[in-house]
Q: 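Next up is a structure, given as structure tokens.
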Amino acid sequence: MSRHLIPALAALAALSACATANTATRIGPDGRPMPVVYRISASDEPRVRARMRDGINAVREQRGLSPVELNTELTSAAATHSRDMSRQSRPWHFGSDGSTPLERVNRVGYSGRFLGELVSETYETELETLTAWMENRETRSILLDPNMREIGFAWHQDPNGKLWWTLTTGAPRAGSGATS
């Protein structure tokens, strides 16, 4: 593990302590801990998105990288894909209509440059998911892309509590101004 990753993961752990989740551990019939369902209500949405943005910015700051801001078009593309992954019951980058992440970002009218997409199927919180993405070399490289300035972040929660997370990343085109 790199010397920069350890402080970044520590910062994520501190942020996750601020998340409101039921921490009581239930033991299943096999003697192993059962997943704790992390429920997200409509009123939680701004707070969850802000925690993800702040978590990403904490790890980027550790590397001397520019912060990111939430973008409504990228978030719209992420939300569409999270719902679609749930319908497909499959965490992957292709839509049920065969669409790619770039096609979905273009459909919502994003005028910037698409950089990447991260997906996850889990019962974990947004910060636990970010920590898992940071522990993987390929997904970490997307989060630490020095060109990234904008993110879209969304999820779909199934009735059983399973979360389908999608993070889309981009950069404004030169001269296009601020994020939306």
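Treat the numbers as computed from the prediction; the structure is a model and nothing was measured.
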Q: Kindly compute the distance separating CD (Gln157) from OH (Tyr123), expressed to the nearest 0.5 Å.
A: 9.5 Å
Q: Hey, is Arg47 close enough to Asp44 for a salt bridge, meaning N to O under 4.0 Å?
A: yes
Q: To the nearest 0.5 Å, what is the distance between NE2 on His81 and CD on Glu117?
A: 4.5 Å
Q: Provide the closest heavy-atom pair for Glu138 versus Ser141 in the form atom of the first, atom of the second, distance.
A: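 Glu138 and Ser141 have their closest heavy atoms at O-OG, 2.7 Å.
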Q: To the closest 0.5 Å, what do you measure between CD (Glu103) and CZ (Arg107)?
A: 6.0 Å
Q: Contact between Met85 and His156 at the side-chain level, heavy atoms closer than 4.5 Å - yes or no?
A: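 SC-SC contact between Met85 and His156 ruled out.
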Q: CG/Leu65 to CD1/Ile56 distance, rounded to the nearest 0.5 angstrom?
A: 12.0 Å
Q: Counting distance only, does the side-chain N/O of Ser86 pair as donor-acceptor with the main-chain N or O of Ser82 below 3.5 Å?
A: no
Q: Once you round to the nearest 0.5 Å, how far does CD of Glu124 lie from OH of Tyr38?
A: 11.5 Å
Q: So, Glu135 side chain and Leu130 main chain: donor-acceptor pair closer than 3.5 Å or not?
A: no
Q: Carefully, step by step, assess Phe114 and Thr169 under the rule side chain to side chain contact (heavy atoms under 4.5 Å, CB included).
A: CA-CA 6 Å; Phe114 171 75; Thr169 67; 5.6 Å; no
Q: Assess, by modelled atom type and distance only, whether the side chains of Ser41 and Ser43 contain a donor and an acceptor separated by less than 3.5 Å.
A: yes
Q: Just by modelled atom types, is the Ser66 backbone N or O under 3.5 Å from a matching donor or acceptor in the Arg60 side chain?
A: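 Yes.
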Q: For Val48, run the side-chain contact (heavy atoms from CB on, under 4.5 Å) check against Leu127, Thr125, Ile40 and tell me which one passes.
A: Ile40
Q: Check whether any side-chain heavy atom of Ile142 lies under 4.5 Å from a side-chain heavy atom of Trp133, and answer yes or no.
A: no
Q: Looking only at heavy atoms, what is the nearest atom pair of Arg149 and Pro172, with distance?
A: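 Looking at all heavy atoms of both residues, the closest pair is CB-CD, 3.7 Å.
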Q: Determine the minimum heavy-atom distance between Val37 and Gly161, stating which atoms define it.
A: CG1-CA, 3.6 Å
Q: State, to 0.1 Å, how close Pro67 and Asn57 come at their nearest heavy-atom pair, and which atoms those are.
A: CA-OD1, 3.1 Å
Q: Run the numbers on Thr129 and Glu126 for side chain to side chain donor-acceptor pair (under 3.5 Å), then give the verdict.
A: CA-CA 5 Å; Thr129 300; Glu126 65 280 359; over 6 Å; no
Q: Would you name the heavy atoms of Arg173 and Ser111 that are closest together and state the gap between them?
A: CG-O, 3.0 Å
Q: Is there a chain of hydrophobic side chains (I, L, V, M, F, W, Y, each step under 4.5 Å between heavy atoms) that links Leu70 to Met148?
A: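 Yes; tracing contacts between hydrophobic side chains, which count when under 4.5 Å, links both residues.
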Q: For Leu163, is there any backbone N or O sitting under 3.5 Å from a side-chain donor or acceptor partner on Asp158?
A: no
Q: Among the clusters formed by ILVMFWY side chains lying less than 4.5 Å apart, do Val105 and Val68 turn up in the same one?
A: no
Q: Give, for atom CE of Met52 and atom CH2 of Trp155, the distance between the pair rounded to the nearest 0.5 Å.
A: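 Answer for the CE-CH2 pair, Met52 versus Trp155, is 9.0 Å.
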Q: Looking only at atom types and distance, does a side-chain atom of Glu61 sit under 3.5 Å from a main-chain N or O of Ala58, one as donor and one as acceptor?
A: no
Q: Could you tell me whether a side-chain N or O of Thr168 sits under 3.5 Å from a main-chain N or O of Ala78, the two making a donor and an acceptor?
A: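 No.
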Q: Donor-acceptor check, side chain of Arg137 to backbone of Met134, threshold 3.5 angstrom: yes or no?
A: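 Looks like no, no N/O pair under 3.5 Å.
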Q: Just to verify, what does Asn147 make a side-chain contact (heavy atoms from CB on, under 4.5 Å) with, not counting sequence neighbours?
A: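 Partners of Asn147 by the side-chain contact (heavy atoms from CB on, under 4.5 Å) criterion, ordered by chain and then number, come out as Arg113, Leu115, Asp145.
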Q: Please say which of Leu143, Ile151, Thr166 ends up in a side-chain contact (heavy atoms from CB on, under 4.5 Å) with Leu118.
A: Leu143
Q: Assess whether side chain to side chain contact (heavy atoms under 4.5 Å, CB included) is satisfied between Glu121 and Lys162, documenting all intermediate values.
A: CA-CA 7 Å; Glu121 167 198 20; Lys162 183 185 292 184; 2.8 Å; yes
Q: With sequence neighbours left out, what residues match Tyr110 under ring pair (Phe, Tyr, Trp, His ring centres under 6.0 Å)?
A: none
Q: Are Leu74 and Phe153 close enough, and set up right, to give a side chain to side chain contact (heavy atoms under 4.5 Å, CB included), and what steps lead you there?
A: CA-CA 7 Å; Leu74 290 173; Phe153 179 61; over 6 Å; no
Q: Taking Arg104 for the side chain and Thr80 for the main chain, is one N or O donor matched with an acceptor at less than 3.5 Å?
A: no
